[in-house]
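Below: the structure, in structure tokens.
Numbering of residues begins at 1 and proceeds along the displayed sequence. Only a predicted model underlies this, so the values are computations on that prediction, with no experimental measurement involved.
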Amino acid sequence: MKKFIEFALIWYSQQMAIPFWIIGHPLGEAQRISREQCKAADPAVSEKKVLHTCDTLPGNSGSPVIDAGSQSVVALHHAGSRHDEVNFGI
């Protein structure tokens with residue numbers, strides 16, 4: 001029987017540079033974890049969206065944005081921006 005990890009959902013404290021992880025299936029491929037240079041952006045929150053610098057690809061939408069320290073979900077990855085090199089979580 002497969003075991004799954006449960007993550008708690010927390011209210012994000014809006015601190016910049018907090019390390020994040022994003023676990024997902026970009027481009028429909030095998031599961032990947034984005035963690036290098038993956039952190040809260042500066043500013044960390046804008047227009048009710050969590051801003052992050054994690055490397056993502058199409059297909060990562062809906063992936064949990066996880067605070068690496070508390071191992072809690074702070075947002076769901078929503079979209080990327082080539083303009084600012086910042087990604088958005090909701």
Side-chain angles (χ1 to χ4, degrees):
M1 182 174 194
K2 291 185 177 183
K3 294 185 179 182
F4 297 93
I5 298 172
E6 290 185 23
F7 290 101
L9 178 63
I10 64 167
W11 177 254
Y12 183 56
S13 65
Q14 301 184 22
Q15 296 176 2
M16 60 185 180
I18 292 176
F20 285 159
W21 301 331
I22 293 186
I23 302 172
H25 295 270
L27 301 173
E29 296 178 354
Q31 180 177 316
R32 293 185 187 179
I33 301 174
S34 177
R35 60 183 178 211
E36 286 190 37
Q37 304 298 319
C38 187
K39 61 186 178 192
D42 181 14
V45 175
S46 178
E47 298 180 17
K48 298 184 181 180
K49 293 181 181 171
V50 173
L51 307 180
H52 65 84
T53 62
C54 304
D55 188 21
T56 60
L57 292 168
N60 270 117
S61 294
S63 296
V65 179
I66 301 165
D67 177 321
S70 69
Q71 297 185 0
S72 300
V73 175
V74 297
L76 297 178
H77 175 69
H78 172 63
S81 169
R82 292 183 184 164
H83 173 70
D84 295 331
E85 295 185 11
V86 171
N87 292 316
F88 305 97
I90 53 173

* Starting at SG of C38, measure out to NE2 of H52 and round the result to the nearest 0.5 Å. => 7.0 Å
* Could you tell me whether the side chain of N60 and the main chain of S63 form a donor-acceptor pair under 3.5 Å? => no
* Same apolar cluster (I L V M F W Y, side chains within < 4.5 Å links), V74/I18 -> yes
* Asked: Under 3.5 Å, is there a donor-acceptor pair between the side chain of H25 and the main chain of Q31?
  -> yes
* To do: Using atom types as modelled and distance alone, determine if a side-chain donor or acceptor of S34 lies under 3.5 Å from a backbone N or O of D55.
  => yes
* To do: Check the pair L57 / E29 against side chain to side chain contact (heavy atoms under 4.5 Å, CB included), numbers first and verdict last.
  => CA-CA 11 Å; L57 292 168; E29 296 178 354; over 6 Å; no
* **side chain to side chain contact (heavy atoms under 4.5 Å, CB included) involving A79 - partner list, sequence neighbours excluded** => F88
* May I ask you to decide if N87's main-chain N or O and S81's side chain share a donor-acceptor pair within less than 3.5 Å? => no
* Is there side-chain contact between T56 and I22, with at least one heavy-atom pair below 4.5 Å? -> yes
* **Heavy atoms of other groups near E85 CD, more than 12 under 6.0 Å** => no
* Determine whether K48 and I90 make a side-chain contact, defined as any pair of heavy atoms from C-beta on separated by less than 4.5 Å. => no
* If you round to the nearest 0.5 Å, how far is CG of D67 from CZ of F20? -> 6.0 Å
* Can you find a heavy atom in the side chain of P43 that is under 4.5 Å from one in the side chain of L51? -> yes
* Can any side-chain N or O of T53 pair as donor or acceptor with the backbone N or O of V86 at less than 3.5 Å? -> no
* Rounded to the nearest 0.5 Å, what's the gap from NZ on K49 to NE2 on H78? Could you check? => 4.5 Å
* To do: Check side-chain hydrogen bond (donor to acceptor under 3.5 Å, both in side chains) between E36 and all other residues, then give those that pass, not counting sequence neighbours.
  => none
* Asked: Is there side-chain contact between R35 and W21, with at least one heavy-atom pair below 4.5 Å?
  -> yes
